[in-house]
Amino acid sequence: MTPPLTGGCLCGAIRYTVSVPITEARACHCTSCQQASGAAGAVNAVLPSSALVITQGQPKRYASKADSGRTLYRYFCGDCGSPIYSQRETSPETSVLRVGTLDLPEGFRVTAHIWTKSARSWHHMEPDAKRFEGQP
Ligand SMILES: [Zn+2]
Ligand SMILES: [Zn+2]
């Protein structure tokens, strides 16, 4: 996909733009992402925070203790609950965007699976993607 990309939450209260191309995504199988998504985990693109601009609304922030032991800030829509992105407490210059919130979530490949040690048996993993048992 070529920038600028746009996306937002389910109810439309939160909208954002991304000013860099997204060519790769990674699937996170950690137990926090399973709970936060209510599904098998999350599929994310790692971006410089400067490339992600919230153009409408104000996401709520939840400080979550990640499986790595670090604090992860999870940003989501307080109205509809859509997870939008996350940032590590120690590296706010990097944002991890939930690619399913893009208006057109295509044009990239899942190239890595992380926290595979807690992956559920019913979640497909691309055979040619890299796999990491924990945080790479
Ligand atoms: Zn919403
Ligand atoms: Zn995770």
Side-chain angles (χ1 to χ4, degrees):
M1 290 188 294
T2 48
L5 312 175
T6 56
C9 67
L10 178 61
C11 75
I14 310 288
R15 296 290 300 163
Y16 64 80
T17 61
V18 173
S19 59
V20 294
I22 295 176
T23 56
E24 296 188 359
R26 69 183 190 189
C28 183
H29 300 264
C30 81
T31 54
S32 298
C33 283
Q34 290 173 14
Q35 288 187 297
S37 66
V43 181
N44 301 311
V46 180
L47 309 168
S49 293
S50 58
L52 174 63
V53 177
I54 303 294
T55 54
Q56 181 183 300
Q58 181 67 51
K60 280 196 171 181
R61 188 178 88 168
Y62 175 67
S64 152
K65 192 63 90 176
D67 283 2
S68 62
R70 288 179 287 224
T71 296
L72 187 75
Y73 292 128
R74 293 176 175 275
Y75 291 87
F76 62 99
C77 175
D79 291 328
C80 70
S82 297
I84 309 290
Y85 69 101
S86 58
Q87 287 175 351
R88 277 193 209 150
E89 183 182 33
T90 52
S91 52
E93 68 279 7
T94 300
S95 291
V96 177
L97 177 72
R98 300 295 184 94
V99 290
T101 62
L102 289 162
D103 291 336
L104 186 60
E106 292 290 346
F108 54 84
R109 292 183 62 246
V110 173
T111 54
H113 291 264
I114 67 172
W115 291 100
T116 59
K117 67 180 179 186
S118 51
R120 300 306 163 200
S121 59
W122 35 271
H123 192 330
H124 171 73
M125 286 195 226
E126 295 78 359
D128 59 337
K130 289 187 204 133
R131 297 184 188 198
F132 300 91
E133 281 213 333
Q135 190 70 33

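Just follow the structure's listing: the first ligand is 1, and inside any ligand the first atom is 1. Keep in mind the model is a prediction, meaning the values are calculated, not measured.
Among Asp103, Thr101, Thr17, the one residue that satisfies the side chain to side chain donor-acceptor pair (under 3.5 Å) test with Thr6 is Asp103. A side chain to side chain donor-acceptor pair (under 3.5 Å) with His113 is found for one member of Arg26, His124, Glu126 and no other, namely Glu126.
Counted by atom type alone, Glu93 and Ser49 present zero donor-acceptor pairs between their side chains at under 3.5 Å. Between the side chains of Trp115 and Glu133, no donor-acceptor pair is found at a separation under 3.5 Å.
For Cys30 atom SG and Cys33 atom SG, the angle they make at the Zn ion (ligand 2) is roughly 110°, to 10 degrees. To the nearest 10 degrees, the Zn ion (ligand 1) sees SG of Cys9 and SG of Cys11 at an angle of 110°.
Coordination check, Cys28 versus the Zn ion (ligand 2): passed, since an N/O/S atom of the residue sits under 2.8 Å.
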